[in-house]
Amino acid sequence: MMNDINRGKAMALLESLNDSMEGSCDERASADAREAIREAIRVLSNNKASYKASDYAVAKVHASIARLIGYRSITLSDQAKLAWKKFEDFMYTDIQKDLRGVGGPNLG
């Protein structure tokens, strides 16, 4: 489970990613990605949400956006690519072990 510090980091990284995608991506897929990000931020900002709900929200948004990028359904601006890279780095280092319990993407 993600601790409060990592929960705050995840929220900040997702807010940065969402901001970087606003206006830089027109595709329907980017609107879906931004909605997934906003939903994860909503869960992370809810102090009453369980740690498991927070872990699941972060794993889910990562999987959703990774799939869109993998299928080339979304094109990221340079700024959004940088924000995505920072979020991925966080996923695969700081919270990798925390997300194993919720089936985090490729986090075995």
Side-chain angles (χ1 to χ4, degrees):
M1 17 185 217
M2 214 180 337
N3 63 34
D4 288 338
I5 293 169
N6 283 336
R7 193 175 183 162
K9 283 183 186 178
M11 192 164 33
L13 289 166
L14 287 170
E15 287 170 344
S16 175
L17 179 59
N18 190 52
D19 291 346
S20 70
M21 291 176 74
E22 293 288 338
S24 67
C25 305
D26 305 325
E27 306 112 3
R28 170 78 177 135
S30 67
D32 292 343
R34 288 193 314 273
E35 180 57 34
I37 292 168
R38 285 189 294 271
E39 175 60 20
I41 291 170
R42 186 190 64 74
V43 171
L44 290 168
S45 64
N46 179 354
N47 291 332
K48 293 183 179 181
S50 69
Y51 286 107
K52 193 140 212 139
S54 297
D55 294 351
Y56 181 73
V58 170
K60 182 178 175 184
V61 74
H62 179 268
S64 296
I65 296 173
R67 185 175 53 254
L68 291 171
I69 291 170
Y71 289 144
R72 299 183 190 269
S73 298
I74 190 171
T75 304
L76 300 177
S77 67
D78 289 342
Q79 183 182 4
K81 284 178 187 174
L82 180 60
W84 173 248
K85 169 122 178 53
K86 287 179 182 179
F87 180 66
E88 276 215 304
D89 289 347
F90 174 73
M91 290 287 296
Y92 288 105
T93 56
D94 295 15
I95 62 170
Q96 180 177 12
K97 67 181 178 353
D98 298 332
L99 298 183
R100 288 183 183 152
V102 294
N106 302 318
L107 300 174

Taking a hydrophobic cluster as the set of Ile, Leu, Val, Met, Phe, Trp and Tyr residues connected by side-chain heavy atoms closer than 4.5 Å, whether directly or through intermediates, do Phe90 and Ile69 fall within one such cluster?
-> yes
State yes or no: do Phe87 and Tyr92 share one hydrophobic cluster built from I, L, V, M, F, W and Y residues joined by side-chain heavy-atom distances below 4.5 Å, directly or via other members?
-> yes
Measure the spacing between [atom1] of [X] and [atom2] of [Y] and express it to the nearest 0.5 Å.
X     : Y     : atom1 : atom2 : value
Met2  : Lys97 : CE    : NZ    : 11.0 Å
Leu68 : Thr75 : CG    : OG1   : 10.5 Å
Ile74 : Ser64 : CD1   : OG    : 10.5 Å
Leu82 : Asp78 : CG    : CG    : 9.0 Å
Thr93 : Glu88 : OG1   : CD    : 11.0 Å
Arg34 : Ile65 : CZ    : CD1   : 10.5 Å

Would you find more than 12 non-hydrogen atoms of other residues, nucleotides or ligands less than 6.0 Å from Tyr56 atom OH?
->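 At most 12 heavy atoms, drawn from other residues, nucleotides or ligands, come within 6.0 Å of this atom.
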Could you pull out the closest heavy-atom pair between Ser20 and Ala83, with the gap in Å?
-> OG-CB, 3.7 Å
Quick one: closest heavy-atom pair of Ala33 and Met21, and the distance?
-> CB-CE, 3.7 Å
Scan the side chains in residues 7-18 for donor-acceptor partners under 3.5 Å anywhere in the protein, sequence neighbours excluded, and list what turns up.
residue, atom, partner, partner atom, Å
Arg7, NE, Leu44, O, 3.3
Arg7, NE, Ser54, OG, 3.2
Arg7, NH2, Asn46, O, 2.9
Arg7, NH2, Ala49, O, 3.3
Arg7, NH2, Ser54, OG, 3.0
Lys9, NZ, Asp94, OD2, 3.4

Applying salt bridge (Lys or Arg N to Asp or Glu O under 4.0 Å), which residue pairs with at least one partner in residues 37-52 are found, sequence neighbours left out?
-> Glu22-Arg38, Glu35-Arg38, Glu39-Arg42
Listed partners of Ala57 passing side chain to side chain contact (heavy atoms under 4.5 Å, CB included), at least two apart = Ala40, Val43
